[in-house]
K.L.:
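Pasting a structure below so you can have a look.
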Amino acid sequence: MSIAYRRLLLSLIGLFAGLAAWSLAEIIVSYQAAFSSFLIFSVVSGGIFGLLFGIFFGSAEGIINSVKKKIIRGIITGSLVGLLGGALGFLTAQAVLFILGEYFLQSQFSFNVFGLPISRALGWGVLGIFIGLSEGIRAFDPRKIKIGILGGLIGGFLGGLLLEYMRIFIPDMAVARLAGFSLFGLVLGFSYSIVESSLSYGILRVLNGRLKGKEFYINQRKMLLGTSIDTDIKLTDYKNVQEIHAQIKIQKKDAVLKTLHDNQPLIINEEKTLSQRLKLNDVIQIGDVKLLYKF
């Protein structure tokens, strides 16, 4: 899977999450009168939306790498983190609106066109942060957490603005919510993929065999390579590749590749080595699989 395809898949996962959230939103809105206050309604609906988006985005890494174990772990982590993020996000929106209310309530126009959409978009941004965080928390890696915070905030806020302004420009509220939630999920997934690309330490591209053309981001401080489902770069259907064969560790912003089996050295640019800092266009051989390191 190329990086471009990964970006497309993350965007599509966001789109499907948005469509699912829209269908759920129509049900929630129909029961709004059953809540004792709008604040409680906002927190509950935010938590539900966060849980749903968390399930979709939490499972993304496992789906992309075709690892069921990661899908299940991602769903559990994503749903819990998303639930919390959704509730906090909608609380944030209410707090911002309360703080800025005096300024925006100078006229109904400024409230509807600026105050309400911007405050709610900030709330969606908070939700986006938590959704983005779920993969970093699952991997327990500070680099992925940073990617999640930035990608989630940017995507959540921009997607939230689009979602909120759909309600202004499209008279039919159901259609407005459909367009808004779809755009929110799409922008969130795309923004995360852009930030992930910008903050990664490089890419490993498979040059031969069944996975030829597949690309892996080096986006964690430490990554394991091998055939096991517990590795970060899973290299299946290649001879002489151990379950956990090698690791990449970031040292002073350089990617250092090291074999975990002294009797099975790596071959980098046709020279055997146990450990080496990677340089642009290095060709790496691990067992029978060949990979190209690029930025």
Side-chain angles (χ1 to χ4, degrees), residues 1 3 6 9-10 13-14 17 47 50-89 125-156 188-189 191-204 215-236 242-260 275 278:
M1 179 187 297
I3 296 304
R6 176 186 174 90
L9 192 54
L10 280 170
I13 287 172
L51 184 146
L52 188 60
F53 276 105
I55 288 173
F56 275 84
F57 280 98
S59 64
E61 195 68 28
I63 292 172
I64 290 171
N65 293 300
S66 302
V67 180
K68 291 181 180 179
K69 191 175 180 180
K70 285 186 178 180
I71 293 175
I72 295 170
R73 288 177 179 173
I75 287 174
I76 294 171
T77 305
S79 60
L80 293 175
V81 176
L83 177 65
L84 177 61
L88 289 177
V126 173
L127 170 58
I129 289 173
F130 278 80
I131 293 171
L133 274 174
S134 60
E135 175 57 24
I137 292 172
R138 185 200 64 79
F140 199 64
D141 183 82
R143 192 68 173 188
K144 275 199 169 183
I145 288 174
K146 183 178 180 180
I147 291 170
I149 290 173
L150 290 177
L153 176 60
I154 294 169
L188 182 59
S191 297
Y192 181 91
S193 70
I194 293 294
V195 172
E196 181 182 46
S197 177
S198 301
L199 295 183
S200 291
Y201 296 103
I203 295 170
L204 286 179
E215 294 176 327
F216 298 93
Y217 276 124
I218 302 174
N219 56 8
Q220 298 176 213
R221 301 289 301 180
K222 181 180 177 182
M223 300 184 72
L224 298 175
L225 298 83
T227 61
S228 170
I229 61 173
D230 293 319
T231 56
D232 304 291
I233 298 178
K234 187 182 176 188
L235 304 169
T236 54
Q242 302 300 316
E243 287 192 351
I244 301 178
H245 195 118
Q247 75 171 16
I248 294 176
K249 193 172 182 179
I250 304 303
Q251 297 179 357
K252 296 181 180 180
K253 296 185 178 181
D254 290 325
V256 178
L257 180 63
K258 176 184 178 181
T259 182
L260 299 179
S275 177
L278 297 179

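Residue indices begin at 1 and follow the sequence shown.
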K.L.:
Measure the CD1-CG distance between I218 and L257 for me, rounded to the nearest 0.5 Å.
P.N.:
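Those atoms lie 8.5 Å apart.
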
K.L.:
Looking only at non-hydrogen atoms, find the nearest pair between I131 and F53 and report the distance.
P.N.:
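Heavy atoms only, the tightest pair is CD1-CB, 3.3 Å.
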
K.L.:
How long is the span from the CD atom in Q242 to the OG1 atom in T231, to the nearest 0.5 Å?
P.N.:
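Q242 CD to T231 OG1: 12.5 Å, rounded to 0.5 Å.
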
K.L.:
Quick check: do K234 and K70 have side-chain heavy atoms less than 4.5 Å from each other?
P.N.:
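No, too far: nothing below the 4.5 Å cut-off.
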
K.L.:
Rounded to the nearest 0.5 Å, what's the gap from OG on S228 to CG on L235? Could you check?
P.N.:
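It comes to 11.5 Å.
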
K.L.:
To the nearest 0.5 Å, tell me how far Q220 CD sits from K249 NZ.
P.N.:
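Between Q220 CD and K249 NZ, I get 13.5 Å after rounding to 0.5 Å.
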
K.L.:
Does some side-chain heavy atom of Y192 sit less than 4.5 Å from a side-chain heavy atom of E135?
P.N.:
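In short, these two side chains touch, coming nearer than 4.5 Å.
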
K.L.:
Could you point out which residue of L88, I137, L80 forms a side-chain contact (heavy atoms from CB on, under 4.5 Å) with F130?
P.N.:
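With F130 as partner, side-chain contact (heavy atoms from CB on, under 4.5 Å) holds for just one option, L88.
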
K.L.:
Measuring only between side-chain heavy atoms, which start at C-beta, is I64 closer than 4.5 Å to L10?
P.N.:
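Yes; the side chains approach each other to less than 4.5 Å.
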
K.L.:
Considering all heavy atoms of both residues, which atom of T77 and which atom of S134 are nearest to each other, and what is their separation?
P.N.:
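Taking every non-hydrogen atom into account, CG2-O, 3.5 Å.
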
K.L.:
For the residue pair D254 and L278, establish whether any side-chain heavy-atom pair is separated by less than 4.5 Å.
P.N.:
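The answer is no, as the side chains (C-beta and beyond) never meet within the 4.5 Å cut-off.
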
K.L.:
Taking all heavy atoms of S59 and all of I75, pick out the closest pair and write down the distance.
P.N.:
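What the structure gives for the nearest pair is CB-CG1, 3.7 Å.
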
K.L.:
Ignoring hydrogens, what is the shortest heavy-atom contact between G151 and S191? Give both atom names and the distance.
P.N.:
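Looking at all heavy atoms of both residues, the shortest contact is O-CB, 3.9 Å.
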
K.L.:
Kindly give the heavy-atom pair with the smallest separation between A139 and K144, and that separation in Å.
P.N.:
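Closest approach of A139 to K144: CB-CD, 4.1 Å.
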
K.L.:
Can you tell me how far the NZ atom of K69 sits from the CD1 atom of I71, to the nearest 0.5 Å?
P.N.:
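Taking NZ in K69 and CD1 in I71, the distance rounds to 13.5 Å.
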
K.L.:
Let me know which of Q247, K222, M223 forms a side-chain contact (heavy atoms from CB on, under 4.5 Å) with D232.
P.N.:
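Going through the options one by one, the only one that passes is M223.
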
K.L.:
Is there a side-chain contact between L51 and S79 (heavy atoms, below 4.5 Å)?
P.N.:
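Yes. Closest side-chain heavy atoms under 4.5 Å.
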
K.L.:
With the side chain counted from C-beta on, respond yes when Y217 and I203 share a heavy-atom pair under 4.5 Å apart, and no when they do not.
P.N.:
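In short, these two side chains touch, coming nearer than 4.5 Å.
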
K.L.:
Checking side-chain contact (heavy atoms from CB on, under 4.5 Å) against I248, which of V256, L225, L224 comes through?
P.N.:
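In the set V256, L225, L224, the residue that makes a side-chain contact (heavy atoms from CB on, under 4.5 Å) with I248 is L225.
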
K.L.:
Write down the atom of Y201, the atom of R221, and the distance for their closest heavy-atom approach.
P.N.:
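Reported closest heavy-atom pair: OH-NH1, 2.9 Å.
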
K.L.:
Side chain to side chain contact (heavy atoms under 4.5 Å, CB included) for L127 and L188? Distances and angles first, verdict last.
P.N.:
CA-CA 10 Å; L127 170 58; L188 182 59; over 6 Å; no

K.L.:
Distance-only, no hydrogens or angles: does the N219 side chain make a donor-acceptor pair with backbone N or O of R143 under 3.5 Å?
P.N.:
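Judged by distance alone, no pair lies under 3.5 Å.
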
K.L.:
With rounding to the nearest 0.5 angstrom, report the CD1 to CD1 distance, I149 to I129.
P.N.:
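The distance works out to 7.0 Å.
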
K.L.:
Any non-hydrogen side-chain atom of I154 less than 4.5 Å from a side-chain atom of I194?
P.N.:
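The answer is no; the side chains never approach within 4.5 Å.
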
K.L.:
Measure the shortest side-chain to side-chain distance between S193 and R6 over non-hydrogen atoms and say whether it is less than 4.5 angstrom.
P.N.:
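No. Closest side-chain heavy atoms not under 4.5 Å.
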
